[in-house]
Undergrad: 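Take a look at the following structure, please.
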Protein chains: 2
Amino acid sequence: MGIQERKTRHKEDLRKRILEAAKKLFLTAGYEATSIRKIAKEIEFSPTTIYLYYKDKSDIIYALHQEGFQLLRQNFQPLMQVESPFERLKALGRCYIKFAFEHPDFYELMFVMKDPMEHLEINCVEASWEDGERVFDFLLKTVRDGQDQGYFKGLDATHVAMEAWASVHGMCALYVSGHLRSMMHVVFGDEDQERMIENAFRVLVHYLESTK
Amino acid sequence: MGIQERKTRHKEDLRKRILEAAKKLFLTAGYEATSIRKIAKEIEFSPTTIYLYYKDKSDIIYALHQEGFQLLRQNFQPLMQVESPFERLKALGRCYIKFAFEHPDFYELMFVMKDPMEHLEINCVEASWEDGERVFDFLLKTVRDGQDQGYFKGLDATHVAMEAWASVHGMCALYVSGHLRSMMHVVFGDEDQERMIENAFRVLVHYLESTK
DNA sequence: AAAAATAGTGAACACTGTTAAGTTTCACAA
DNA sequence: TTGTGAAACTTAACAGTGTTCACTATTTTT
């Protein structure tokens with residue numbers, strides 16, 4: 001069975017190499033440039049070979065989507081240790097925004113693009129978006145912990161979490177899509193995008209804080 | 001000059017017909033289905049003819065983007081008469097969300113897709129996003145009017161407006177991209193998307209109200 | 001009537017995702 | 001050692017995309 005094993009490993013290897021090539025193209029040249037043919041050229045195989053390892057393009061895109069969430073969770077890891085729920089909530093927001101600024105392509109793939117969600121609905125049973133669920137659960141738990149400390153009185157934790165997510169996502173989405181940029185040097189002065197979002201985030205934190 | 005005029009009118013006519021065909025395809029079959037060739041087939045002209053009236057595809061897409069803003073402003077029109085700034089602010093938010101739910105394709109084109117912003121940066125001098133500016137200015141003015149009535153004490157109007165926009169945009173963006181949908185029947189019960197956003201919006205309104 | 005400007009088109013280029021059919025490689029049984 | 005069958009991979013093609021160039025009619029102007 002040694003040979004069979006080696007073959008399997010070799011096969012898994014190529015699957016991984018395809019994803020690595022896709023990631024490289026995606027991060028250096030963007031989504032548009034990540035074509036099956038270019039991935040094939042990158043790993044020096046024929047385009048059709050890729051279809052032996054991934055069902056279709058959306059399958060590869062979804063795998064990248066998942067890699068993005070792995071990266072995000074790595075960023076969240078240290079926040080687990082913050083004991084004060086409110087501090088943790090603030091840090092969570094800041095970390096989320098930082099991620100979007102540092103990895104705009106990943107952010108778009110994870111929270112803006114329709115393709116991965118469509119892939120999910122078509123290919124996965126019960127269409128469960130586990131990656132999104134895990135992130136939201138962390139946020140929801142933090143909000144609930146905050147309620148135990150007297151924050152968000154008379155408000156539903158789910159709705160508070162949803163509002164907070166939407167708020168921060170809105171800022172990040174406007175940033176990665178370029179809408180914020182197009183707005184900036186028209187409406188405001190020299191204040192840069194990062195600073196603008198920082199200030200908007202402060203307003204949100206102010207709101208959250210004043211619920212105690 | 002009668003003949004010259006008629007010809008010009010005829011030419012403008014075809015330009016309009018191209019846009020109408022593009023809009024029809026866009027609204028019935030989505031962005032992906034709106035190809036130059038399909039637009040050409042719709043108006044029964046050769047694909048190359050379209051290039052005599054529009055510089056390229058992004059030029060058509062941007063024209064649609066502008067049509068969307070015209071429609072949004074029409075929706076905003078009645079709100080101008082609301083005298084109470086806070087009531088106007090609430091109505092503005094609700095109207096914005098309603099627009100996104102009623103015209104998700106337009107919403108995506110106007111506030112999510114990168115293409116129109118890129119078109120702007122490439123083709124327009126000073127890259128001024130006038131459409132976005134006008135909407136934001138209306139929001140900003142409403143916030144300032146609210147401040148005159150004692151709301152948003154100690155907060156910068158621009159940052160309050162930005163936070164509010166991001167908040168509501170976040171909800172709409174999560175809706176139109178399908179991320180909210182993928183989340184719903186995993187994390188929450190039967191509560192539908194519209195209801196969820198309604199509740200999140202209520203939370204935002206609660207925050208805003210409590211600044212007085 | 002000749003020249004010039006205008007409007008529109010056909011064919012092609014360089015791409016895209018994807019599939020059907022064919023070829024090469026290679027472990028394993030006779 | 002040779003034949004066999006499966007696995008791995010490729011070639012060629014299909015149907016589509018945005019876009020451009022060279023060409024043809026048509027109409028206006030000289």
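A quick note: this is a predicted structure, and the numbers were derived from the prediction, not measured. Naming: A, B, ... by sequence-line order, numbering from 1 per chain.
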Undergrad: Rounded off to whole Å, could you give me the CD1-to-C1' distance for the I39(A) and dC15(C) pair?
TA: 15 Å
Undergrad: NA contact type, K55(B), heavy-atom cut-off 4.0 Å: base, sugar-phosphate, or nothing?
TA: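 Nothing: the residue K55(B), judged by heavy atoms under 4.0 Å, touches no strand.
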Undergrad: So, using salt bridge (Lys or Arg N to Asp or Glu O under 4.0 Å) as the criterion, who are the partners of K57(A) when residues are at least two apart?
TA: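 Partners of K57(A) by the salt bridge (Lys or Arg N to Asp or Glu O under 4.0 Å) criterion come out as none, since no residue qualifies.
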Undergrad: Should F152(B) and H206(A) count as side-chain neighbours, where that means a heavy-atom distance under 4.5 Å?
TA: no
Undergrad: With sequence neighbours excluded, tell me which residues meet side chain to side chain contact (heavy atoms under 4.5 Å, CB included) with E87(A).
TA: V82(A), S84(A), K90(A)
Undergrad: Enumerate the residues from residues 19-28 of chain A whose closest heavy atom to DNA chain C is under 4.0 Å, giving them by residue number; use none for an empty result.
TA: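 Residues of residues 19-28 of chain A under 4.0 Å from DNA chain C: none.
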Undergrad: For the helix from dA1(C)-dT30(D) to dA30(C)-dT1(D), measure the angle between the helix axis at one end and the axis at the other, each built from five pairs, rounding to 10°.
TA: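 Rounded value for the end-axis angle: 40°.
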Undergrad: For A166(A), enumerate each residue passing the side chain to side chain contact (heavy atoms under 4.5 Å, CB included) test, keeping only those at least two apart in sequence or located in another chain.
TA: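 Partners of A166(A) under the side chain to side chain contact (heavy atoms under 4.5 Å, CB included) test: M171(B).
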Undergrad: To the nearest Å, how far apart are D56(A) CG and dT16(C) C1'?
TA: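 Rounded to whole Å, this separation is 14 Å.
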Undergrad: Rounded to the Å, how far apart are I36(A) CD1 and dT10(D) P?
TA: 14 Å
Undergrad: Rounded to the Å, how far apart are R17(B) CZ and dA7(C) C1'?
TA: 14 Å
Undergrad: Return the set of residues passing salt bridge (Lys or Arg N to Asp or Glu O under 4.0 Å) with R144(A) (not counting sequence neighbours), or none when no residue passes.
TA: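 If we apply the salt bridge (Lys or Arg N to Asp or Glu O under 4.0 Å) test to R144(A), skipping adjacent residues, there are no hits.
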Undergrad: Quickly work out the Y54(B) OH to dT19(D) P distance and round it to whole Å.
TA: 14 Å
Undergrad: What residues form a side-chain hydrogen bond (donor to acceptor under 3.5 Å, both in side chains) with R195(B), not counting sequence neighbours?
TA: none
Undergrad: Once side-chain hydrogen bond (donor to acceptor under 3.5 Å, both in side chains) is applied, do any residues pair with N123(B), and if so which ones, sequence neighbours excluded?
TA: K55(B), H119(B)
Undergrad: Distances under 3.5 Å between protein N/O atoms and the N/O atoms of nucleotides 8-10 of chain C, please, pair by pair.
TA:
residue	atom	partner	partner atom	Å
dG8(C)	OP2	Y53(B)	OH	2.5
dT9(C)	OP2	S46(B)	N	2.9
dT9(C)	OP2	T49(B)	OG1	2.4

Undergrad: Who passes salt bridge (Lys or Arg N to Asp or Glu O under 4.0 Å) against E102(B), sequence neighbours left out?
TA: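 Counting only residues at least two positions away or on another chain, E102(B) forms a salt bridge (Lys or Arg N to Asp or Glu O under 4.0 Å) with K98(B).
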Undergrad: May I ask you to decide whether E20(B) forms a salt bridge with K24(B), counting only side-chain N to carboxylate O separations under 4.0 Å?
TA: no
Undergrad: In whole angstroms, how far is the P atom of dT19(C) from the OH atom of Y51(A)?
TA: 7 Å
Undergrad: With sequence neighbours left out, what residues match K141(A) under side-chain hydrogen bond (donor to acceptor under 3.5 Å, both in side chains)?
TA: D145(A)
Undergrad: In whole Å, what is the span from the CD1 atom of I18(B) to the C1' atom of dA7(C)?
TA: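 From I18(B) CD1 to dA7(C) C1': 12 Å.
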Undergrad: Y207(B): which residues meet the side-chain hydrogen bond (donor to acceptor under 3.5 Å, both in side chains) condition with it, sequence neighbours left out?
TA: none
Undergrad: In whole angstrom, what separates I50(A)'s CD1 from dT16(C)'s C1'?
TA: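 Distance check: I50(A) CD1 to dT16(C) C1' gives 13 Å.
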Undergrad: Please state whether the base of dG16(D) and the side chain of R37(B) form at least one donor-acceptor pair under 3.5 Å?
TA: no
